[in-house]
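Naming convention: chains lettered A, B, ... in sequence-line order (proteins, then strands); numbering from 1 in each chain.
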2 protein chains.
Amino acid sequence: MKLKLISPASYRTHPSPFESDLRSDGKRMTPQRKKVLSLFEEIGSGIHLSAEEVHSKLTISGEKVSLATIYRTLRLLVKMTFLNELDLSEGGNRFELLSHDHPDHHHLICIRCGRTEEFENNNVINAGKAAAKNFGFKLLESSLNVRALCPKCSNK
Amino acid sequence: MKLKLISPASYRTHPSPFESDLRSDGKRMTPQRKKVLSLFEEIGSGIHLSAEEVHSKLTISGEKVSLATIYRTLRLLVKMTFLNELDLSEGGNRFELLSHDHPDHHHLICIRCGRTEEFENNNVINAGKAAAKNFGFKLLESSLNVRALCPKCSNK
DNA sequence: TCCCTCGTTGCAAACTGTTCTCATTACGCT
DNA sequence: AGCGTAATGAGAACAGTTTGCAACGAGGGA
Ligand SMILES: [Mn+2]
Ligand SMILES: [Mn+2]
Ligand SMILES: [Zn+2]
Ligand SMILES: [Zn+2]
């Protein structure tokens, strides 16, 4: 039994927020851009990938996107606030889906194995706000990185 | 009129903390190491220099130390806890004299001109401690970086 | 539907910040 | 003063990221 095909008109889905944001800025939707954002959406928030990891994950699943394009796309997605960039000193910066549920979380990083846990704390956010206000700065973003050893790496 | 020369014995000053820490570890005091630490001590705490800046400051004042040695010395001084290393995403890491008066300060950085202000906030430190405890991690160091625009860069 | 334009891609080369290699120098112990 | 070995200088190597450029292709108009 064959499924009834949806009429061509209904294929014209409303463009995703990503697509419409792009369009309104004279930019274009491309398969590469779709693939990068989809990857983050599929794995969900709370995962922190480097550019290289994004590249190899796409490559492994048969999608080939050049590394240069991945860098360009990640930068774009950060500027468009779909992704958040973490500047962890070791081994390249990492990117994560910007979750609307946990917009202002911070990171606890095991410097040995790279395991990263997230946490939220309003005091931290307020500390950043207070400091910015105090010096007349306009706050953009505040990030607390806690460098530590996870239980596994802690005992030798 | 000639000044009376101090007797040779009095030249034997007690070694600095730096020098004795080095010695007790089989390491040696060198003119290069003296120059790098002295530079930080002369300019005082609250100044955040990149390796390149340390290099050019020394070069300008006629002291030549190779860039490789500067990197090696900075790493050493951080390990010996004379310096603190900041991982600010833009333009290389920076180093500052570790001040015993303000051991746990955080940084407010203008992402346009690089102006950096320091602030202290116990809530931040406690947030890091709490997060580490919560996940069973052993805390090493926590640093809050507030990215912002300074008043000057803020109005266009 | 075909076209044209101009934003985007892939590739390699360039770049930036940092570490490494290795021959040479020199600290510090006796 | 002589010796063993840690440290230095110079440049090559390196990792992560950006850029230049020719080819490509998304998507609005005819
Ligand atoms: Mn996160
Ligand atoms: Mn500081
Ligand atoms: Zn670990
Ligand atoms: Zn500024």
Report task. Round to the nearest Å and state the distance from B/K64 atom NZ to D/dG9 atom P. Result -> 10 Å
Report task. For B/D87 and C/dG17, give me the distance from atom CG to atom P, rounded to whole Å. Result -> 14 Å
Extract all donor-acceptor atom pairs below 3.5 Å that involve side chains of residues 20-33 of chain A and protein atoms in other chains or at least two apart in sequence.
residue	atom	partner	partner atom	Å
A/S20	OG	A/S16	O	3.1
A/S20	OG	A/P17	O	3.2
A/R23	NH1	A/E19	OE2	3.4
A/R23	NH2	A/E19	OE2	2.7
A/S24	OG	A/S20	O	3.3
A/S24	OG	A/D21	O	2.9
A/T30	OG1	A/R33	N	3.2
A/R33	NH1	A/R28	O	2.7

Report summary line: Its contact letters, B for base, S for sugar-phosphate only and - for none at protein heavy atoms under 4.0 Å, make nucleotides 18-30 of chain D read BBB----BBSS--
Requested in this report: Specify the separation, in whole Å, of atom CD1 of B/I70 and atom P of D/dA10.
Outcome: 12 Å
Query raised in the report: To the nearest angstrom, how far is A/K34 atom NZ from C/dT8 atom P?
Result: 14 Å
Requested in this report: Would you please name every residue forming a side-chain hydrogen bond (donor to acceptor under 3.5 Å, both in side chains) with A/D104, sequence neighbours left out?
Outcome: none
Query - Spacing of B/L74 atom CG relative to C/dG17 atom P, expressed in whole Å - result: 15 Å
Query raised in the report: Can you check the A/E63 CD to C/dG10 P distance for me, whole Å?
Result: 12 Å
**Report entry** Nearest-angstrom distance from the residue atom CG of A/N93 to P of D/dA15
**Finding:** 17 Å
Report summary line: When A/Q32 and B/Q32 are each assigned the nearest nucleotide of DNA chain C, the 5'-most assignment goes to A/Q32
Report summary line: Those residues at least two apart in sequence (or on a different chain) that pass salt bridge (Lys or Arg N to Asp or Glu O under 4.0 Å) with A/E63 are A/K35
Report summary line: A/L77 atom CG is separated from C/dT8 atom C1', nearest whole Å, by 14 Å
Requested in this report: Mind checking side-chain hydrogen bond (donor to acceptor under 3.5 Å, both in side chains) for B/N93 and listing every partner two or more places apart, or none if nothing turns up?
Outcome: B/E85, B/D87
Report task. Among A/E53, A/H48, A/H107, find the one that has a side chain to side chain donor-acceptor pair (under 3.5 Å) with A/R94. Result -> A/E53
Query raised in the report: ring-ring contact (aromatic ring centres under 6.0 Å, His included): which pairs involve residues 69-90 of chain B, sequence neighbours left out?
Result: B/F18-B/F82
Report task. Would you indicate, yes or no, if D/dG9 has its OP1 or OP2 atom less than 4.0 angstrom from a side-chain nitrogen or oxygen of B/T69? Result -> yes
